[in-house]
Amino acid sequence: GIIKTPVRSSVSKPETKSKKKKEKLSSLCKTPPSVVRTRNGRGYHRGLFLGEGGFARCFQMKDESGRIFAAKTVAKASIKNEKTKTKLLSEIKIHKSMSHPNIVQFVDCFEDDVNVYILLEICPNQSLMDLLKARKVLSEPEVRLFMVQIIGAIKYLHRRRVVHRDLKLGNIFFDPDMNVKIGDFGLATVVSPSTNKRYTICGTPNYIAPEVLGGKATGHSFEVDIWAIGIMMFALLFGKPPFQAKDVQVIYERIKNNEYKFPPDSSASAESKNLITKLLSTDPTLRPSLDEILEHDWFKCGPFPAKISTESLKQIPKNL
Ligand code: ADP
C-alpha cells in the first residue's frame, strides 16, 4: 500500500488484521461509473469488485475488445496532500517501467473527476496469502517453484536498482496459470548508485528487516528484499511468519534479537531450515545473494514441479 501506517507514514498495515477497524483511505474511493472513458477516447466497462488495500480499491475492467484487466482505483480525495501524490506518481513511474513474467504487468493509467485508475494485468486466483490461509502450509515442491519465480522477478528488479521494500505473501498474486506475480509497488524505491542506501523506515511489521529497525545509523538497501524472501519461505512452509506476535513492538524486539524457532512437529527438510537461517541473518551482508539462494541445496534435494495447477488452491496436489 502506498500509505504506511501505523508507525507514522512509514510502516504499512500488518498482514494480520487488527480488531479495531481504522477508517481506510480506500473507503474514499467511490465505485467507478459503469463505463470509464480515457482522455484518448478508450472506454472501459467496470466489472466485479476484486478487493481493497489501505489506499486503493480494485475492480475488474473490460476493454472494448473484451479483454479483462484489474483497475486499481485511488480516490483523488485521498491524494490531496503533495507527499501522497508524489508517492502515487512514484509507484506508477516505477511499476510502468517493469516488464517481467513474474511481475504484475502495468497496462495503462488514466483518471476521471473522482479517481485515478491504474490498469493492471488481472490476477484472478488471489494472492499467496489467500492460498496459505486456505491450505495452512504448502508442500516443499510447491514452495520451490514459487521461490524460483519470485527470485527471478526480484533479480529483474534489483538489476534495475529497484528495491521493492514490501514483499509479502499478500503482494504476490497468481495469474490464471498459477504463475506468481509480484505486485504493489507502493513502497518501491530506486536506489541511487552513489549512496546505495535508504534510511526510511517502511514495510509491514512481520516482514521488516532488522537493519531497517536500526534507524538512521545503518541504512538499508537490496538486502531487505532478501530478508523478506526468508520470511515468506518460513511462512509458506510453517504456516505463520517467524516473528509473529500480537503486539507490533514484540515483533520488532524478536526481529532485532533474531528470536524465532522452527516448529518441532514440522516435517520440513534440514536444507529448507538451513536456507531460511541464512536468509534471516541479522547482518544484511551475511545474507545470500539471489544467485546464491538459487544455488542452495534445498532447490536440488527434492522434487521440482514444472507447473502448479489451480487444484493447489484447495488441497495438496496429488503428485506433490
Ligand atoms: P493498496 O496499495 O491499497 O494496498 P493493493 O495493490 O494491495 O492496494 O490492492 C488491493 C487489493 O486489490 C488486493 O488485496 C487484491 O485483492 C486486489 N488486487 C490488486 N491487484 C490485483 C490484480 N492485478 N488482479 C486482481 N486483484 C488485484
Side-chain angles (χ1 to χ4, degrees), residues 1-6 9-18 21-32 44 46-63 67-79 84-96 98-109 115-134 153 164-189 202-207 310 313:
I2 84 163
I3 281 296
K4 295 114 209 151
T5 46
S9 82
S10 41
V11 179
S12 78
K13 63 187 185 291
E15 273 200 311
T16 41
K17 283 198 187 86
S18 66
K21 263 211 168 159
K22 271 211 229 101
E23 191 68 40
K24 288 198 219 161
L25 280 171
S26 56
S27 64
L28 291 171
C29 172
K30 303 249 179 350
T31 301
Y44 289 100
R46 173 182 42 82
L48 293 175
F49 172 69
L50 291 167
E52 79 181 309
F55 200 61
R57 280 187 176 157
C58 214
F59 296 87
Q60 272 188 5
M61 288 270 187
K62 207 195 259 182
D63 74 3
R67 277 181 307 178
I68 295 175
F69 303 96
K72 190 166 162 174
T73 306
V74 179
K76 284 186 173 173
S78 67
I79 48 172
T84 322
K85 206 179 284 175
T86 312
K87 284 194 176 134
L88 181 65
L89 289 174
S90 154
E91 170 177 357
I92 293 168
K93 191 174 164 200
I94 294 177
H95 201 165
K96 201 176 181 171
M98 299 291 139
S99 176
H100 184 277
N102 300 108
I103 294 176
V104 175
Q105 186 58 50
F106 180 99
V107 178
D108 198 0
C109 185
N115 296 318
V116 173
Y117 302 92
I118 305 174
L119 206 64
L120 303 168
E121 160 183 20
I122 187 144
C123 296
N125 291 319
Q126 295 190 292
S127 73
L128 262 174
M129 187 182 62
D130 301 299
L131 175 64
L132 189 66
K133 265 193 201 143
H164 186 282
R165 303 200 300 180
D166 202 15
L167 290 172
K168 56 180 177 182
L169 300 179
N171 281 340
I172 302 195
F173 301 98
F174 289 107
D175 77 0
D177 297 320
M178 293 300 282
N179 295 302
V180 297
K181 305 261 179 176
I182 296 181
D184 199 349
F185 283 78
L187 291 185
T189 187
C202 68
T204 294
N206 266 315
Y207 291 79
T310 45
L313 293 169

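For ligands, and for the atoms within them, numbers begin at 1 and follow the listed sequence. Remember, it's a predicted structure, so these values are computed and weren't measured experimentally.
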- Message: List ligand 1 atoms under 4.0 Å from Gly53, heavy atoms only on the residue side.
- Response: 1 (P), 3 (O), 4 (O), 8 (O), 10 (C)
- Query: Taking atom NE2 of His95 and atom CD1 of Ile103, what is their separation to the nearest 0.5 Å?
  - Reply: 7.5 Å
- Message: Heavy atoms only: which of Gly51, Ala56, Cys58, Gly186 lies closest to atom 20 (N) of ligand 1?
- Response: Cys58
- Flag the pair Lys72 and Asp184 as a salt bridge only when some basic side-chain nitrogen lies within less than 4.0 angstrom of an acidic carboxylate oxygen. yes
- Task: Would you indicate whether Lys76, at its atom NZ, is surrounded by more than 12 heavy atoms from other residues, nucleotides or ligands within a distance under 6.0 Å?
- Result: yes
- Item | Within-cut-off N or O pair, Cys123 and ligand 1, under 3.5 Å | yes
- Message: Once rounded to the nearest 0.5 Å, what's the spacing between atom OH of Tyr117 and atom CG of Asp108?
- Response: 13.0 Å
- Message: Angle between ring planes, Tyr44 versus Phe69, binned at 30° and 60°: parallel, tilted or perpendicular?
- Response: perpendicular
- Task: Please could you name the atoms of ligand 1 that Val104 approaches to less than 4.0 Å, counting only its heavy atoms?
- Result: 23 (N)
- Message: Using 0.5 Å steps for rounding, measure from the CG atom of Leu128 to the CZ atom of Phe174.
- Response: 4.0 Å
- Counting both backbone and side chain atoms, is some N or O of Phe55 under 3.5 Å from an N or O of ligand 1? yes
- Is it the side chain (CB and beyond), the backbone, both or neither of Lys72 that lies under 4.0 Å from ligand 1, heavy atoms counted? side chain
- Query: If we only count N/O pairs under 3.5 Å, is Ala70 in contact with ligand 1?
  - Reply: no
- Examine the proximity of ligand 1 to Arg57 and report which part, side chain or backbone, both or neither, has a heavy atom under 4.0 Å away. neither
